[in-house]
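In what follows, every heavy atom counts, from backbone to side chain, and hydrogens, waters and symmetry copies are set aside.
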Amino acid sequence: MMKRITFLILAALLPVKFVTAQPKANHPKTKKRMQTNSNHKLVIYQLLPRLFGNAKTTNKFYGSIEENGVGKFNDITDAGLQEIKKMGFSHVWYTGVIEHATMTDYSAHGIHPDDPDVVKGRAGSPYAVKDYYDVDPDLAVDVKNRMTEYEALIKRSHANGLKVLMDFIPNHVARTYHSDVKPASVHNFGEDDDKSKAFDARNDFYYIPGQPFKVPGGYNPGGNDFHSPLKDGHFDENPAKATGNDAFTASPSIDDWFETVKLNYGVDYANNRTGHFDPIPPVWQKMYDILNFWSNKGIDGFRCDMVEMVPFEFWNWVITKLKAEHPNLIFIGEAYNKTEYSNYIIKGKFDYLYDKIGLYDAIKRLVRNEDHATTWDINAIWNHDSKGIDEHMIRFMENHDEQRIASNDFAGNPWLAVPGMIVTATLNKGPVMIYFGQEVGEPATTAEGFSGADGRSSIFDYWGVPEHQKWLNNGKFDGGQLSDDQKNLRSFYSKLLNTVKANEALTNGKFYELMIANEHNTGFNTRVYMYLRYTDNEKVLVITNFNRNEQHLNVKLPADLLQQLHVSGSVNFTDLLNGSSYNTSDINNGLDITLPASSGVMLKF
């Protein structure tokens, strides 16, 4: 999302749209949950073109585009896309494509410079959109043909068997927003607003009448070495507009999303969030036009930013309207409020939502070996938080907002994530997502500029991603500079993802948790997790060990389940990850197995 060092604080403190009080979590130990068959197992590779193709290794703190380099659309070649496809991915999410505010001067190309006092990082945040109808000039080899280069990437991705996702940022825009390439029939945001009113359903923005905007004190845009005549601690905006994270003040803090302004979907925040949706607010139609513009270019779906900050009534309207014209479009929502999941899937019509405040957090605690981590938290997710909508939850262990697994802020060792990735990819039918560099153990150890040393690869700064660059290998995409350990890690991810995609039990199978059946068995503790995925034709027993030491387990399948599966007597198991074989002479007595520390198996039988 935005400035990530404050993201969790903001999520906790700021109002969330249209929510009710969150009930206290519980951990019901229900034995099983059956689901109907449908194919939701998208395998998504997220990458920032700005970082992905950049082979330059200078990595100067707050470095310019000339000093640190930048990846281009054209760097994502057929060879690179083929390697992504071979790894098991079905979709690629190109993050940070739409033109956003930046400190880099493109005035020679007819693009108005942005005031650095309201830009975060030398490159700028991809989530401070400057023109919804244009693409980031940083990403083009030939700036004047930047849209053509992006269109070519879309076609190239499709030709290599990959569907294309891109960002849609609905809640806020850059303070310097102005589209210079929009269709003539479209008005710029705010062009027709009555700025004397704090709220009007016909306005595109919210205003603080009579007060000019004030740049947060203490902000040093671009660092000490960056100089610009516009860098003066001031930005001309009068009256001030409300800030993107619902800061209805003319003086947002440096920890607010002060570089953005919030869009008005007809919600009157000052009056109990009353909705004014009839007639539809102008922003609704403008957003439909934008989404339709990109859909007509062949985009297969949108990852929508901070969807709970926009009313689900809008999503219902716009998604229904778009799918009538583009029926195969998919919509993925960045969501953080468990109590609102059903509203945004059922009423809002989203195909998928983030399972961050749920599976991601539970697995992170386990991987980090935190004192109170427990696999019963995973039970609470499928059995409570996402009950009935599990196939609509997109699972991941990294993305651009979250810390790298290999960073000291997370696990410090990418191999510790093996059991977590197995669960993330196989727990149910929904999509699984990997962030570029995750598969080679990128640790993001340094401070890049606006981003501190926080265990994340910067979305604000020009930078090379060192461990990923070893796989990139100057555009060869052959992993020629990777260590043997990194090659093995990448092989694990490739085997896992391809297996999940190819095995019908893991893609579409029913789910049966085995915790209750085994909680009194040999080796059981709250750092192991086990379940069965199965269809009439395929059965896969998943056993994971989050413990930092090996575990000797006896794993039993309940008698009623064995009867249903028509399984008895001697049974042979084969690990789909490495081909190892296991056997029990009588399945009623369970399977004896030893799992190494931080490991897991996927046993076909």
Side-chain angles (χ1 to χ4, degrees), residues 1-28 44 46 127 171 245-246 257 303-310 312 315 331-348 350-368 370-405 409-411 417 420-421 423-425 427-428 430-435 454-456 529 546:
M1 178 44 208
M2 307 295 294
K3 187 178 188 297
R4 285 172 263 133
I5 61 173
T6 61
F7 180 79
L8 294 179
I9 296 173
L10 289 170
L13 296 180
L14 293 171
V16 182
K17 308 302 146 276
F18 299 95
V19 302
T20 55
Q22 184 170 321
K24 196 170 184 178
N26 55 49
H27 303 268
I44 301 169
Q46 182 195 0
Y127 297 94
N171 177 64
N245 62 317
D246 298 356
W257 305 344
R303 178 271 187 188
C304 303
D305 190 68
M306 297 301 294
V307 299
E308 293 157 324
M309 299 185 84
V310 173
F312 59 74
W315 293 115
F331 285 83
I332 298 170
E334 179 191 16
Y336 297 97
N337 191 322
K338 293 182 288 187
T339 65
E340 287 293 287
Y341 287 170
S342 292
N343 275 337
Y344 280 81
I345 290 171
I346 297 169
K347 297 179 182 178
F350 272 93
D351 296 290
Y352 307 104
L353 296 179
Y354 274 30
D355 192 355
K356 196 278 177 188
I357 309 296
L359 190 66
Y360 171 89
D361 284 350
I363 285 179
K364 185 175 184 179
R365 289 191 293 269
L366 288 160
V367 170
R368 285 170 50 85
E370 295 180 11
D371 290 343
H372 301 293
T374 171
T375 48
W376 286 118
D377 286 345
I378 303 175
N379 172 282
I381 292 154
W382 68 260
N383 199 29
H384 183 262
D385 298 341
S386 59
K387 188 173 184 177
I389 56 171
D390 218 355
E391 68 270 26
H392 296 285
M393 305 309 294
I394 182 169
R395 268 85 190 232
F396 51 84
M397 286 192 68
E398 282 190 12
N399 64 41
H400 67 280
D401 278 320
E402 307 304 337
Q403 292 164 326
R404 294 284 193 177
I405 295 164
D409 301 273
F410 194 148
M421 268 313 308
V423 173
T424 296
L427 184 67
N428 217 286
V432 57
M433 183 171 71
I434 305 293
Y435 188 40
D454 59 1
R456 300 172 176 90
Y529 195 66
F546 289 90

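In this structure, the side chains of Q403 and K364 come closer than 4.5 Å at one or more pairs of heavy atoms. In this structure, the side chains of N399 and Y360 stay at 4.5 Å or more apart for every pair of heavy atoms. Two residues are said to be in side-chain contact when any heavy atoms from C-beta on lie closer than 4.5 Å; I332 and D351 fail this criterion. Side-chain atoms of V423 and L366, non-hydrogen and from C-beta on, never get closer than 4.5 Å to each other. Inter-residue side-chain proximity for R404 and F410 is flagged as unmet; no heavy-atom pair is nearer than 4.5 Å. The side-chain heavy atoms of Y344 and W315, taken from C-beta on, include a pair separated by under 4.5 Å. Residues F331 and V307 are not in side-chain contact: their nearest non-hydrogen atoms beyond the backbone lie 4.5 Å or more apart.
The structure places CG of D355 at 6.0 Å from CD1 of I381, a figure rounded to the nearest 0.5 Å.
Residues M393 and I345 share a closest heavy-atom pair of SD-CD1, 4.3 Å. Counting all heavy atoms, side chain and backbone alike, V432 lies closest to A425 at CG2-CA, 4.0 Å. Contact record, I357 with Y341: O-OH, 3.8 Å, taken as the closest heavy-atom pair. Nearest heavy atoms, P431 versus I44: CB-CD1, 4.4 Å.
Checking side-chain atoms of N245 against main-chain N and O of W257 turns up a donor-acceptor pair under 3.5 Å. With hydrogens and angles disregarded, a donor-acceptor distance shorter than 3.5 Å links the side chain of E308 to the backbone of N337. A distance-only check finds a donor-acceptor pair linking the side chain of R368 to the backbone of D409 [under 3.5 Å]. Proximity of a side-chain donor or acceptor of E334 to a complementary backbone N or O of M306 within less than 3.5 Å is detected. With T424 contributing its side chain and R395 its backbone, the two residues share no donor-acceptor pair below 3.5 Å. In terms of modelled atom types and a separation under 3.5 Å, the side chain of R456 and the main chain of D401 share a donor-acceptor contact. Q46 places no side-chain N or O within donor-acceptor distance of the main-chain N or O of M433, the cut-off being under 3.5 Å.
Using cut-offs of 30° and 60° for the angle between ring planes, the H392 and Y352 rings count as tilted.
Looking at L359, I434, I363 one by one, the single match for side chain to side chain contact (heavy atoms under 4.5 Å, CB included) with M397 turns out to be I363.
The pair R303-D305 counts as a salt bridge, with a side-chain nitrogen and a carboxylate oxygen less than 4.0 angstrom apart.
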Could you walk me through whether F312 and F350 satisfy the ring pair (Phe, Tyr, Trp, His ring centres under 6.0 Å) test, starting with their C-alpha distance in whole Å, then the side-chain angles of each, then the deciding distance to 0.1 Å, before giving a yes or no? CA-CA 9 Å; F312 59 74; F350 272 93; over 10 Å; no
